[in-house]
Amino acid sequence: MACDVAVVGAGPYGLAAAAHLRGVRGLDVHVLGRPMSFWEEQMPAGMLLRSPREASHLADPAGELSLDRYEQALGVEAVRPVPLERFVAYGRWFQEQAVPALDRRRVLLVERAGGRFRLELVDGGVVRAARVVLAVGIAPYAWRPPEFSGLPPELVSHASDHRDLRAFRGRRVVVVGGGQSALESAALLHEAGTDVRVLVRAPRVNWLVRSSRLHRLGTLRRLLYAPADVGPAGLSWLVATPAGFGRLPRRVQDPLARRSIRPAASSWLAPRLEQVPIHVGRAVVAATASSGRVRLLLDDGGRLAADHVLLGTGYRVDVARCGLLAPELLRGLRLVDGYPLLDRALQSSVAGLHFLGAPTAYSFGPLLRFVAGTGFAARALARGIR
């Protein structure tokens, strides 16, 4: 089959983009992927979204398919923070309303053929498109520090590898990391009956206590924080305008971006971790397997043994690791530290190849790492293609 635009991925960015592209007259859009699959299959059951409700809406052109509208349609009460299960159900509802024609087949390869893109599918099918929009999410970019290379998955895994952390009940687990993913995983493990402890490289955990207090200040909160709520007070308004953020000099952008997405954890997590040992200022310098357990050597000379190590070490974008792009397409991409350089339509240096989500953060700032960035990305994409 052939189309004008093939959207690869049916998470928040893929769905928002498809919803906007469907409004472009005369454009034949084909969307591939299982809706909200990463959120449903690779996020732990019982998780609560760190992002506030106001930053958890998927973007549609008319603004009629918000999380609030979904809850009103079902007659359910709005909750804060938003449970993972509620967000997944909302995403599926959004898909049914905005992108009902969805091809759930998995894409194996994207390549150039005859002046168009050729997408090879898992069942042997082929889709040919004039343009391709990659919205594959962050799963391909899970970061596993080199200290843990060579260890089998039954001993070391990434937080995104697990849906149900109750499988670790009764075992000793060391969680590595000091951000939301690591600390919420530790809380869920503890509540599931796991003997858990946390290793944090930084000298302290950055609890968002001050931010939480400022968010309760009503009118003043709205002056300090943009609705997208990415970044600290004041700076969040700059982050919320990706087009402007992307025009800042690199020497200004980079430190502001790091400041906006540094590892941190919601203040509501702290009480759930009061009985969990958290070792700050400690890093793993070596990890080995011995007698079915993991032995860890720390930078202070200390040692730990565990049945399993769970890496809450986040994600590092490198589009070569997305696993879909043919070598000739990768060679045609202009990259900086694994990020593609993009124009205003989120188009890469390979004409007709667009990116959405985290890979766009180098060009447009940290907002594009979060659900709150779907509005800007979808509008920019649709406007550029139109």
Side-chain angles (χ1 to χ4, degrees), residues 39 43-56 78-87 158-160 162 164-166 168-169 171-218 220-221 224-225 228-236 258-284 298 300 302 304 306 308-315 366 369-372:
W39 294 83
M43 293 283 99
M47 188 188 93
L48 302 173
L49 269 61
R50 173 180 155 183
S51 297
R53 288 183 58 86
E54 294 77 8
S56 301
V79 289
R80 300 171 185 266
V82 180
L84 172 66
E85 290 74 15
R86 174 74 58 88
F87 183 66
H158 193 271
S160 63
H162 302 281
D164 190 351
L165 293 174
R166 292 176 300 179
F168 292 103
R169 180 183 288 118
R171 304 174 69 192
R172 170 169 285 195
V173 175
V174 171
V175 176
V176 177
Q180 182 78 10
S181 175
L183 293 169
E184 188 163 14
S185 294
L188 291 168
L189 285 165
H190 172 68
E191 291 158 2
T194 304
D195 177 7
V196 60
R197 60 197 60 229
V198 183
L199 294 178
V200 180
R201 181 187 297 270
R204 65 182 181 87
V205 174
N206 181 27
W207 297 108
L208 297 174
V209 175
R210 178 173 175 270
S211 173
S212 177
R213 291 171 180 164
L214 291 175
H215 276 69
R216 293 194 290 266
L217 295 180
L220 181 58
R221 176 251 183 253
L224 295 173
Y225 291 96
D229 202 32
V230 176
L235 179 56
S236 73
R258 287 193 295 271
R259 178 72 178 84
S260 298
I261 58 170
R262 62 178 179 167
S266 301
S267 59
W268 46 260
L269 263 180
R272 296 169 59 186
L273 290 166
E274 288 178 348
Q275 298 182 25
V276 174
I278 300 177
H279 307 280
V280 298
R282 294 291 178 267
V284 176
L298 308 184
D300 66 346
L304 283 177
H308 194 87
V309 173
L310 187 71
L311 302 174
T313 45
Y315 302 82
R369 294 177 179 271
F370 298 86
V371 172

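Just so it is clear, the values below take in all heavy atoms, side chains as well, and ignore hydrogens, waters and symmetry mates.
Proximity of V230 to R369: side-chain heavy atoms (C-beta onward) are nowhere separated by under 4.5 Å. When side chains are defined from C-beta on, P232 counts as touching S260, because their heavy atoms get closer than 4.5 Å. Counting heavy atoms from C-beta outward, P44 and H162 have side chains that stay 4.5 Å or more apart. Taking 4.5 Å as the limit, every side-chain heavy atom of V276 sits out of range of all side-chain heavy atoms of L183.
Taking the side chain to side chain contact (heavy atoms under 4.5 Å, CB included) definition, one finds that P263 meets it with nothing, sequence neighbours left out. For R86, the salt bridge (Lys or Arg N to Asp or Glu O under 4.0 Å) criterion is met by E71, not counting sequence neighbours. With sequence neighbours left out, R80 forms a side chain to side chain donor-acceptor pair (under 3.5 Å) with E54.
Separating the CZ atom in R172 from the OG1 atom in T194 is a distance of 12.0 Å, to the nearest 0.5 Å. To the nearest 0.5 Å, the span separating CZ on R50 from OG on S56 amounts to 12.0 Å. The CG atom of L49 sits 10.0 Å away from atom CE of M43, with the distance rounded to the nearest 0.5 Å.
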Q. Does the pair L304 and R197 meet the rule for a side chain to side chain contact (heavy atoms under 4.5 Å, CB included), with working shown?
A. CA-CA 10 Å; L304 283 177; R197 60 197 60 229; 4.2 Å; yes
Q: Given side chain to side chain contact (heavy atoms under 4.5 Å, CB included), test F168 with V196 step by step and report yes or no.
A: CA-CA 10 Å; F168 292 103; V196 60; over 6 Å; no
Q | Worked check of side chain to side chain contact (heavy atoms under 4.5 Å, CB included) between L165 and V173 | A | CA-CA 11 Å; L165 293 174; V173 175; over 6 Å; no
Q) Between F370 and I261, does a side chain to side chain contact (heavy atoms under 4.5 Å, CB included) hold up when you go through it step by step? A) CA-CA 10 Å; F370 298 86; I261 58 170; 3.9 Å; yes
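Taking each heavy atom of A283 and R201 in turn, the nearest pair found is CB-NH1, 3.7 Å. Here the closest heavy-atom approach between residue T313 and residue H158 is recorded as OG1-CD2, 3.9 Å. Nearest heavy atoms, Y315 versus S160: OH-CB, 3.3 Å. In terms of heavy-atom proximity, L269 sits nearest to A187 at CD2-CB, 4.0 Å. Minimum heavy-atom separation, S181 to A159: OG-CB, 3.6 Å. Nearest heavy atoms, L188 versus A45: CD1-O, 3.9 Å.
The backbone N or O of L199 sits nowhere less than 3.5 Å from a side-chain atom of R282 that would complete a donor-acceptor pair. Side-chain atoms of R272 do not come within 3.5 Å of backbone N or O of E191 as any donor-acceptor pair. A donor-acceptor pair is defined here as one N or O able to donate and one able to accept, closer than 3.5 Å; such a pair exists between the side chain of E184 and the backbone of L48.
In the displayed structure, R53 atom CZ is contacted under 6.0 Å by more than 12 heavy atoms of other residues, nucleotides or ligands. Atom CZ of R166 sits in a sparse spot, with 12 or fewer heavy atoms from other residues, nucleotides or ligands closer than 6.0 Å.
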